[in-house]
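Take a look at the structure below.
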Amino acid sequence: MNTYGEQRIREIVELVNRSEISSIKKTVKEILQLIMDENSSAKDLKDIIERDPPLCSRLLKRANSASYGYPKTIGDIQEAIVCIGFDAVKELALSQKVCELFKKDDIVNGYSRKGLWKHCSAVAICSKMIYRREFGEHGDKIYVAGLLHDLGIIVEDQFFQWHFEQALEKACLENTNLSLVEKEFLLVDHTEIGRAIAEDWDFPEELGAALGFHHQPDLAPEDFERNVLTVFVADYICQREKIGYGDAPYTDEALFRSCLVELDVREKALGIILEELKEEIHKLEQTDWF
Ligand SMILES: [Fe+2]
Ligand SMILES: [Fe+2]
C-alpha cells in the first residue's frame, strides 16, 4: 500500500473509532479474551453480557425462542448458560452484538446489509464446522473470524455510501467481484480496512490476518495460513451456494481447490459440512435471525 493509501486507512480507522461501529469493540474483545483463556468460567461470560443491558435482553429473547425448544422460560443469563450451554451463549452473545451493525436495510445492486449479515453468519458457522469436523478443534476463534471477515464492507457502506454504491454498480455491470473495483472508488478495499481495524482494536493477529487476506489466501502469513484458508473456503462455499450477499461471486475455482489440498480437506467432507450448514441456516431463518 502506498503512503496515500496508509493515510487513508488511518483516517478511516479514526472515523470508525468515533462512530457507532466501535460499540462492538468492547464486547467482542472481552468475549475473545474469554475464548483465549482456558480458565474462563460461566461467571466471566455472565458478567460481560450483564454489563450490556440491551445485549442481555436480546440474548434472553433469543434463548427463549422456539429454536432452542426449552420447556420453561429462561429468566436470566446464568440460567441461559445452564440451559443452552456455555458455548452456545458465547456464540449467541457475539452474533447479537455484531448484528447491531447490520440494522438498516436498503438493497443496492444486489447488496443489502441483511444479505451481508446472512453471508457473515453463514461463513462463521461453516468455518467452525470445518474446524470441528476436519481438525477436531473447538472452532470458536474461527467463528469470530468468519463473523467479522467482511467488517470493512460495513464501514464502506456506512461512511462512503456514494463511492460504495458506485463500486457496487461497477462490479454489477462488469460482472466482477467487489473487491476488485473498490480501490478505484475508495482508494482502499474492505480487506485493508478490516485488517487495520482489527490491528487498532488489538484483536489477536490471527483474526486480523483472516480479515486482511480472505480474498488472497495465497498471501496469508505462514503462521495464520490455516485460519485464513478456512475462511476463504467457507466464503467460497457460501457464495457458490448463494447464501446471503456475496462480494466475490466470480470465484477462483483453482485457488479454492488448492486451498482444499493445503488444508487436507476432501470434497466429500465438504459436501457433508454443506448439508449441515444448510440445515443450520434453515433453522436460523425460522427464528428471523437474518
Ligand atoms: Fe470479503
Ligand atoms: Fe465474504
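Please read all numbers here as calculations on a predicted model, not as lab measurements. Every number for a ligand or one of its atoms is a count from 1 in the order of the listing.
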### Message
Closer than 4.0 angstrom, basic N to acidic O: yes or no for Lys118 and Glu285?
### Response
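Result for this pair is yes, salt bridge flagged.
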
### Task
Flag the pair Lys97 and Asp52 as a salt bridge only when some basic side-chain nitrogen lies within less than 4.0 angstrom of an acidic carboxylate oxygen.
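Looking at Lys97 and Asp52, the cut-off is met.
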
### Query
Relative to the Fe ion (ligand 2), which of the N, O or S atoms in His119 is the closest?
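Of the nitrogen, oxygen and sulfur atoms in His119, the Fe ion (ligand 2) lies nearest to NE2.
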
Ring pair (Phe, Tyr, Trp, His ring centres under 6.0 Å) against [X], all qualifying residues, sequence neighbours excluded:
| X | result |
| --- | --- |
| Phe203 | Trp201 |
| Phe164 | Tyr111 |
| Phe224 | none |

### Message
For a distance under 2.8 Å, give residue and atom name for each protein N, O or S atom next to the Fe ion (ligand 1).
### Response
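Less than 2.8 Å away from the Fe ion (ligand 1) sit Asp150 OD1, His190 NE2, His214 NE2, His215 NE2, Asp247 OD2.
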
### Message
Check for me whether Lys90 meets the cation-pi criterion with Phe86, that is, NZ or CZ under 6.0 Å from the six-membered ring centre and within 45 degrees of the ring axis.
### Response
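Relative to the ring axis of Phe86, which defines the angle, Lys90 lies inside both limits.
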
